[in-house]
Structures are given as C-alpha cells and as structure tokens.
Amino acid sequence: MKGIRRLLEQEDLLSNYQPVDSERQQEWNLAFEMVKRSLESEALSYMERERTKTTQIAELSRIKMLG
Amino acid sequence: MILFKAYPRNFSAIQADVDEYMPYDVMQLLDKGISNNIQQIILEAPYVDKDFRDTYYNDFSKRFTDISRDSIRLHLFFSPDNVVTPNYGGFITLRDTKIRTIGRSYIAPKALNNFTSGYCCLAKYEVNYRGQVLEVEAFPWMQQDGNVSRCAHIAAWSINRYYSQRYCYYAERTLHEITTHDSTTRRVPSRGASVNQIAQILQKNRFDPEIYIRDNGNKEETPYYTKECFNRLMHTFVESGIPFIAGVKSKHAIVIIGHGELSDIDSVMNDNDGLTDSYEFIENLIIVDDTQLPYTNVFNYEDEQPYAYIFDEIDVLIVPFYEKMYLDVDYLYSEMLPALENNILKIGKQDKIIRRVFLTSSRSFKKYMFKESRDSSYRELMLLMQMPKFIWVAEYSSVEEFKKQEMHHRIILDATTLKFQVDAYMAIKKDNEVAVNNKSLKSVTVHIDKMSDVIYQNLGRIK
C-alpha cells in the first residue's frame with residue numbers, strides 16, 4: 001500500500017492541473033471546516049430522530065399487508 | 001410437436017382456439033392494451049414456461065381440478081412474416097390457471113397502446129423462436145394467479161427477474177421460489193405479503209432493501225415525510241435507475257420503473273426561487289402493475305384514465321439497494337447536502353437552481369463521463385479518481401442549462417461512507433473549480449477548463 005501511495009505521489013497525477021491560488025484554497029478549506037462543524041453539531045439530533053423513525057417503521061412494516 | 005400458428009391482431013380469433021387459456025377479461029385486456037401497430041401474432045403451443053411449470057409442480061398439480069402443466073406463448077410482431085429482432089414486440093405466455101391467465105411476459109413498451117414515451121429501466125431478453133434468437137427489451141411482467149401469488153409476489157418476482165437478467169450477481173428465481181417466504185401462517189391460498197415479508201424476499205436474494213413509509217401510523221401525528229419529500233424520494237430512486245416496489249393505499253403492490261417526459265420547465269420555475277428539485281418537472285411515473293398491462297402511469301394529479309393511481313396514494317416504498325449503498329438518502333437530503341450547499345456552493349434564495357440527486361455506480365459514471373463529457377480536463381480528473389463502487393451525485397443547473405441538459409456544480413459523495421463521517425465528499429465541482437478529496441490523490445482544489453458540463457443520465461429514453 002505504501003509503495004502504491006509513493007508511486008502515485010511521485011507521478012503527481014495532478015501536475016497537469018493548475019491549483020487555485022492560496023487565498024482561494026484557504027476559502028475552500030474554511031468552507032469545508034464549516035461543513036464539518038455543521039454535520040457534527042446535527043449528528044446527535046439526527047440519530048435521535050432516526051431511532052424513533054426506525055422503531056415505528058419496523059412496527060408498521062410488520063402489520064401493513066400488500067396483496 | 002409444437003404448433004406455430006399465425007393470426008392477424010385479432011384476439012377473439014385466438015380466444016376461439018385457446019379457450020380456457022384466455023378468459024374473456026384477459027381477451028379484453030389484451031385487445032385494448034396491445035398496440036394496434038402489432039399486425040401479426042404467432043401462437044406457440046405447447047410452451048414450457050419455467051415459472052408456471054415450477055408453480056404447477058409445487059401447487060397446481062395437487063389440485064383435483066384438471067390443470068394443464070403446459071402454457072401457450074403469443075409472439076408479437078409489428079409487421080407480418082418478418083421474423084427479425086427490430087420487428088419483434090416481445091411475447092406473452094398464457095397458463096391454465098382458470099383466472100388471470102397471463103404468465104411470464106416480456107413486452108416491449110412500443111408494443112402497447114398506453115405507452116407514449118419516457119425514461120425507464122429495461123433489460124434485454126433473448127427469445128428462442130423456432131431456433132432463431134430474437135431480442136426484446138422489456139421489464140418482466142405477469143398477472144397474479146390469486147392462489148399462490150398475489151401482487152406483492154409478482155412485484156418482487158419482476159424486480160428479481162430484471163436484476164438477474166442485467167447483473168449476474170443476482171440469481172434468477174422462479175415465481176414459486178419467491179412465494180415461499182417465511183410465514184407464521186399457511187402461504188396458500190395466498191393473502192399477500194406484509195411489507196416486512198417483501199423486504200425479506202429481497203434480502204434472501206442478495207438485495208439490501210430499505211423501507212420508507214410516508215406516515216408514522218398515527219393519523220394525529222405529523223407524517224414522516226411531507227408530500228414533497230416523499231415524491232422527491234420516489235424520484236431520487238427512479239433517477240438512480242433502481243426499480244422499486246411501492247405500496248398503494250397500503251394495500252396493493254406495484255413496481256416503479258421510470259418516469260415520463262418532463263413538464264414545461266419555465267412554467268414550473270416561474271413560481272420557484274432558490275433550489276428546485278428536478279422531481280417537480282415529473283408529471284408521471286412509469287409502473288408495472290399486475291392488474292394492468294405493463295408501463296402504465298402514476299400521475300401527480302387526478303387523471304381521467306380509469307385505474308390510474310396518483311402520487312399521493314403511494315405510501316410505502318421497498319427499495320432493493322445493493323449491499324454497498326450505505327449512505328442514507330434521508331441523511332443526505334436533511335443534513336449533508338444542505339451543509340455543502342450553504343457553505344460551499346453558497347446557493348442563495350435569489351438564485352434559480354435546479355437540483356438532481358441520484359445514486360449510481362462509479363463504473364457507470366466513468367463510462368458516461370468518458371463518452372459524454374465535453375470538458376476534457378474535468379473528464380480526465382474524474383476518470384483518474386479512485387472511487388468506491390457506488391456514489392451519490394448531486395447536480396446543479398440554471399434553468400437554461402437544464403434545458404440543454406447541462407449543469408455547473410456537481411457534488412460526488414462516497415455512498416459507502418461510514419455513518420456520520422463528515423468528509424464523505426469525493427469531488428465537488430463548483431463552476432470551473434474542482435475540490436478533490438481522494439485517498440490516492442492529494443486533497444486540493446484545481447481549475448478545469450469549462451464552467452458547465454453535461455448532466456448524467458441513468459435511464460434510457462424510450463420513444
């Protein structure tokens with residue numbers, strides 16, 4: 001795995017592409033940090049909602065008959 | 001010996017010959033539904049239908065009533081005396097079940113009167129006609145026999161037969177094998193299957209099904225999904241090219257396999273600002289229903305067609321995911337996409353943006369990119385990226401772009417991601433910049449040549 005990774009880095013597959021300037025990259029990095037924070041802060045409440053829904057769907061899917 | 005007898009498109013004449021194999025209501029159904037463009041029907045008898053033969057030996061042979069193990073097959077041709085694939089409209093089998101006698105049938109959409117055009121999932125089947133191999137693109141369909149199989153079984157059978165034909169990963173199952181699901185009570189005479197049992201049938205056949213139910217079982221509480229969210233869910237799976245089972249009014253099972261032509265984009269967008277999901281342009285979904293010939297419609301409004309269902313009547317979805325499609329669609333819509341759209345794409349309320357979200361295999365995506373992408377730099381970047389087996393894709397277009405089947409933003413997410421992993425994105429194209437987050441390439445943002453590129457299509461268009 002290390003060998004493959006080293007090989008990929010040596011070949012520099014992105015060398016044909018022009019990176020955005022450092023200021024722009026900083027904006028992207030900041031935006032990703034915001035995404036991360038947003039998802040982390042919502043994870044607990046989503047898990048709670050999901051747990052309730054899953055329990056009820058398990059019950060409903062047992063009693064709903066199609067045919 | 002096997003009889004091959006040609007008829008013009010005259011079901012009364014065929015009924016006179018085949019008698020109990022075609023009861024009056026079946027004759028009427030075929031007469032009304034089979035396209036007037038079908039000019040010749042060739043009867044093949046006796047025909048050994050693998051599905052009926054299996055059901056026969058496991059059930060019908062045990063009955064006191066005389067029931068034949070043999071079936072009859074009707075081949076449909078668009079013009080007479082021309083046995084070649086382009087002229088072939090598929091076949092219908094008739095079995096001796098006394099009622100609802102139409103068995104395993106592969107009918108091309110254009111061989112039916114009610115099909116106009118649309119986008120749907122079809123598989124290619126080879127048919128041996130007097131030693132000659134003909135091909136038909138169809139979605140498997142049959143009527144329920146009412147004793148051993150009900151609509152739920154037919155729906156599960158047709159899903160299985162579609163996938164087993166397209167992907168060798170799935171084994172082919174006969175209708176009898178589908179009907180022998182776990183049950184605490186007797187299975188025959190069948191009373192149908194619970195949503196749970198249908199999911200179990202799929203699970204035993206290598207699918208990883210998920211169940212979506214519109215309400216929460218308590219009429220006084222708010223349903224899980226608003227009308228819009230549930231419609232969006234259905235459309236997402238359709239756009240992903242995943243045929244799925246839907247429960248209508250919590251009673252009847254159908255299979256949703258595609259959607260019709262898009263409605264007028266301008267008239268929808270006149271009233272909408274910010275993000276508009278592409279499901280809003282869908283007026284009808286194409287379905288396979290055992291009570292009607294295949295490729296009928298579910299409409300998003302009351303239609304005058306008899307027996308036509310509307311979107312609001314669909315309240316259960318059983319979706320046959322592949323095992324690696326882990327990222328949950330509800331989490332995607334409620335958490336992940338809003339976070340990326342608000343912080344990265346920065347789509348404002350004043351923008352008029354159309355969003356398409358779908359699941360696809362990275363293999364199909366790369367094949368499409370290789371063939372269709374107009375931006376060589378973006379195409380090359382996508383082709384070089386190491387991707388998981390399945391990806392979620394969200395595409396964003398302006399109104400004008402959408403009319404030209406183009407988009408300017410595209411988010412690609414790892415569908416095999418760990419639950420609540422916050423960096424599930426693989427590549428985000430924002431105009432002419434692409435942020436790449438790939439385990440083999442460095443995580444960087446690079447420029448590409450063009451602002452927009454073609455949108456991805458999972459479904460084939462049938463005219």
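Below, chain A is the first sequence line, B the second, and so on; all start at residue 1.
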Whether the side chain of Trp28(A) engages the backbone of Thr445(B) through a donor-acceptor N/O pair (distance < 3.5 Å, no angle test) should be reported. no

Counting heavy-atom pairs under 4.5 Å with chain A, which one of Ala193(B), Ala339(B), Ser149(B) comes out on top? Ala193(B)

Under 4.5 Å from any heavy atom of chain B - which part of Gln25(A): side chain

For the pair Glu433(B) and Lys430(B), find out whether any cationic side-chain nitrogen is under 4.0 Å from an anionic carboxylate oxygen. no

Check each atom of Tyr331(B) against the heavy atoms of chain A and say whether the ones under 4.5 Å are side chain, backbone, both or neither. both

Under 4.5 Å from any heavy atom of chain A - which part of Asp330(B): both

Keeping Glu380(B) on the side-chain end and Ser377(B) on the backbone end, is there a donor-acceptor pair under 3.5 Å? no

Heavy-atom distances under 4.5 Å only: say whether Val434(B) touches chain A with side chain, backbone, both or neither. neither

Which atoms of Ile154(B) approach chain A - backbone, side chain, both or neither, heavy atom under 4.5 Å: neither

Count the heavy-atom pairs under 4.5 Å between each of Lys64(A), Glu40(A), Arg37(A), Met34(A) and chain B, then report the option with the highest count. Lys64(A)

Counting heavy-atom pairs under 4.5 Å with chain B, the top scorer among Lys53(A), Glu50(A), Arg24(A) is Lys53(A)

Residue, of Ala31(A), Gly67(A), Ser61(A), that accumulates the most heavy atom pairs under 4.5 Å with chain B: Ser61(A)

Quick one: which of Ala253(B), Ser194(B), Cys151(B) has the most heavy-atom pairs under 4.5 Å with chain A, could you say? Ser194(B)

Could you tell me the separation between the CZ atom of Phe32(A) and the CG atom of Asn343(B), rounded to the nearest 0.5 Å? 10.0 Å

Under 4.5 Å, counting heavy-atom pairs only, tell me which of Asp290(B), Asp423(B), Val248(B), Ile428(B) racks up the most with chain A. Ile428(B)

Taken to the nearest 0.5 Å, the spacing of His153(B) NE2 from Arg187(B) CZ works out to 9.0 Å

Would you say the side-chain atoms of Arg150(B) pair up with the backbone N or O of Ser190(B), donor to acceptor, closer than 3.5 Å? yes

Can you spot which of Val288(B), Ile245(B), Val298(B), Thr291(B) makes a side-chain contact (heavy atoms from CB on, under 4.5 Å) with Ile254(B)? Val298(B)

Which answer fits Lys419(B), side chain, backbone, both or neither, if we ask what part of it has an atom under 4.5 Å from a heavy atom of chain A? side chain

Does any backbone or side-chain atom of Gln144(B) lie under 4.5 Å from a heavy atom of chain A? Answer side chain, backbone, both or neither. neither

Give a yes or no on whether the backbone of Arg51(A) and the side-chain of Thr55(A) come within a donor-acceptor separation of less than 3.5 Å. yes

Max heavy-atom pair count under 4.5 Å with chain B, selected residue of Glu59(A), Met47(A), Glu27(A): Met47(A)

Looking at Tyr333(B), is Arg232(B) sitting on its ring face, NZ or CZ under 6.0 Å from the six-membered ring centre and within 45 degrees of the normal? yes

Lys366(B) NZ: over 12 foreign heavy atoms closer than 6.0 Å: yes

Toward chain A, the part of His252(B) with a non-hydrogen atom under 4.5 Å: backbone

